[in-house]
Amino acid sequence: MKRTNNQIFFNEIAKTLFNRQLTSSQKAGIRQKLKVFDKYDITDNRWRAYMLATSYHETGRTMQPVEEIGKGAGKPYGKKIKYDGTRYSTPDRIYYGRGDVQLTWYENYEMMGRLLNMPLLNQPELALKPEISARIMIEGMTRGISNRGDFTGVSLENFFNNRRDDPYNARKIINGLDQANIIAGYYFKFLEAIEIAELN
């Protein structure tokens with residue numbers, strides 16, 4: 001992978017995805033993710049583009065980790081109930097969506113905390129810190145430390161490899177095929193911008 005010229009990259013996505021106006025906060029969020037991609041040796045441009053497209057969708061284009069609107073109200077994970085249906089009293093926290101990929105459920109915070117060696121179960125707000133959020137996204141969307149896609153059991157390796165290039169079905173990494181076509185459209189725009197930025 002060639003080094004990406006960030007200014008050219010920002011200029012391209014500003015035109016295609018951000019109505020010609022990228023805020024300093026959006027730029028900072030993207031820079032943080034690119035930095036963590038480098039740190040974790042994410043070199044496949046398709047993986048980078050799909051994770052950026054996922055963040056773009058899940059954060060409402062802010063490119064910053066966000067809390068779920070409503071904080072889980074009306075959702076099973078918005079109560080002190082685990083995914084398996086059992087109730088818990090401690091920690092006294094609710095595990096609604098947080099971060100670039102909207103991490104939910106007690107079990108997922110517990111697992112990510114264990115894999116990344118951080119107290120996410122006791123301090124779920126850590127998932128809102130940009131670097132930690134990016135690490136959660138990478139661990140959940142790639143085979144990573146656990147050697148599986150931790151969100152749903154499938155990972156970027158399943159959909160972007162030497163034999164397959166499938167941004168539509170890659171949505172299964174996060175949430176079935178919900179909005180799969182729309183996110184695939186974002187993916188192609190991010191990928192094109194990365195490739196243009198590498199050519200210059």
Side-chain angles (χ1 to χ4, degrees), residues 13-14 16-34 36 49-113 116 118-141 149-152 154 156 167-168 170-187 189-190:
I13 60 173
T16 60
L17 288 158
F18 293 93
N19 298 320
R20 300 188 176 274
Q21 184 61 52
L22 262 171
T23 66
S24 58
S25 177
Q26 287 167 328
K27 287 180 182 178
I30 294 167
R31 280 194 194 97
Q32 180 67 65
K33 281 175 260 299
L34 294 175
V36 180
Y50 198 80
M51 284 193 278
L52 289 170
T54 297
S55 173
Y56 180 87
H57 177 75
E58 298 288 344
T59 69
R61 298 174 33 165
T62 68
M63 305 307 293
Q64 291 281 355
V66 297
E67 287 188 314
E68 176 184 350
I69 295 170
K71 299 186 177 183
K75 307 282 181 63
Y77 55 74
K79 302 173 184 176
K80 291 182 183 176
I81 300 173
K82 297 182 183 181
Y83 189 75
D84 66 9
T86 61
R87 295 188 175 274
Y88 65 89
S89 58
T90 57
D92 185 18
R93 308 306 299 269
I94 301 292
Y95 301 102
Y96 55 81
R98 296 176 179 87
D100 282 286
V101 287
Q102 297 295 283
L103 186 68
T104 56
W105 291 105
Y106 177 106
E107 288 91 338
N108 289 331
Y109 279 84
E110 182 179 44
M111 173 185 62
M112 278 293 165
L116 300 179
M118 56 185 62
L120 283 174
L121 202 60
N122 287 306
Q123 299 176 56
E125 64 277 2
L126 290 173
L128 294 169
K129 292 185 175 293
E131 181 174 354
I132 293 172
S133 178
R135 290 178 63 195
I136 290 169
M137 177 166 65
I138 291 168
E139 179 59 34
M141 293 184 73
D150 291 308
F151 295 143
T152 62
V154 291
L156 289 164
Y168 176 78
R171 181 61 175 162
K172 293 175 183 176
I173 298 166
I174 302 291
N175 190 11
L177 291 175
D178 175 62
Q179 306 293 310
N181 269 326
I182 291 172
I183 297 163
Y186 302 151
Y187 158 81
K189 290 174 181 176
F190 276 112

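The analysis underlying the following values was restricted to heavy atoms, covering all of them including side chains, and did not include hydrogens, waters or symmetry mates. Just so it is clear, the structure is predicted and the values come from calculations on it, not from any experiment.
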J.: Counting only N and O atoms by type, is there a donor-acceptor contact under 3.5 Å from the side chain of Thr16 to the main-chain atoms of Lys189?
T.: no
J.: Can the ring centres of Tyr109 and Tyr77 be said to be less than 6.0 Å apart?
T.: no
J.: With side chains defined as the heavy atoms from C-beta onward, is the minimum distance between Thr54 and Met141 less than 4.5 Å?
T.: yes
J.: I want to check something: taking the side chain as every heavy atom from C-beta on, are Asp150 and Asn108 in contact at a cut-off of under 4.5 Å?
T.: no
J.: Ring-plane angle category for Tyr56 and Phe190, please: parallel below 30°, perpendicular beyond 60°, tilted otherwise.
T.: perpendicular
J.: In the structure I gave you, are the side-chain heavy atoms of Ile81 and Tyr88 within less than 4.5 Å of one another anywhere?
T.: no
J.: Whether the side chain of Gln26 engages the backbone of Thr23 through a donor-acceptor N/O pair (distance < 3.5 Å, no angle test) should be reported.
T.: yes
J.: Hey, are the side chains of Phe151 and Met112 touching, using non-hydrogen atoms and a 4.5 Å cut-off?
T.: yes
J.: Might you point out which heavy atoms bring Ala127 and Ile132 nearest each other, and give the distance in Å?
T.: CA-CG2, 4.3 Å
J.: Are any side-chain N or O atoms of Glu131 and backbone N or O atoms of Gln32, one a donor and one an acceptor, separated by less than 3.5 Å?
T.: no
J.: Could you tell me if the side chain of Tyr96 sits less than 4.5 Å from the side chain of Pro124, heavy atoms only?
T.: no
J.: Hey, does Pro119 have a side-chain heavy atom less than 4.5 Å from the side chain of Leu126?
T.: yes
J.: Show your reasoning for whether side chain to side chain contact (heavy atoms under 4.5 Å, CB included) applies to Tyr186 and Leu17.
T.: CA-CA 7 Å; Tyr186 302 151; Leu17 288 158; 3.9 Å; yes
J.: Please determine whether the number of non-hydrogen atoms from other residues, nucleotides or ligands lying under 6.0 Å from atom OH of Tyr83 exceeds 12.
T.: no
J.: Check whether Lys33 reaches the backbone of Met63 with its side chain - one donor and one acceptor, N or O, closer than 3.5 Å.
T.: yes
J.: Is there a donor-acceptor pair closer than 3.5 Å between any side-chain N or O of Gln102 and the backbone N or O of Val66?
T.: yes
J.: Within the structure provided, determine whether Thr59 and Gln64 are in side-chain contact (heavy-atom separation under 4.5 Å).
T.: no
J.: Parallel, tilted or perpendicular: which fits the ring planes of Tyr50 and Tyr187, with parallel below 30° and perpendicular above 60°?
T.: tilted
J.: Please assess Gln179 against Glu58 for the test side chain to side chain contact (heavy atoms under 4.5 Å, CB included), listing each intermediate value before the final yes or no.
T.: CA-CA 11 Å; Gln179 306 293 310; Glu58 298 288 344; over 6 Å; no
J.: Counting distance only, does the side-chain N/O of Glu68 pair as donor-acceptor with the main-chain N or O of Gly97 below 3.5 Å?
T.: yes
J.: Under 3.5 Å, is there a donor on one side chain and an acceptor on the other for Arg93 and Tyr95?
T.: no
J.: Please check: side-chain N/O of Asn19 versus main-chain N/O of Gln21, any donor-acceptor pairing under 3.5 Å?
T.: no
J.: Salt bridge between Glu139 and Arg135, side-chain N to carboxylate O under 4.0 Å?
T.: no
J.: Can you tell me if Lys129 has over 12 outside heavy atoms packed within less than 6.0 Å of its NZ?
T.: no
J.: What I'd like to find out is whether the side chain of Lys80 reaches to under 4.5 Å of the side chain of Asp92, using heavy atoms alone.
T.: yes
J.: Would the distance check show the side chain of Thr152 and the main-chain N or O of Lys172 forming a donor-acceptor pair, the cut-off being under 3.5 Å?
T.: yes
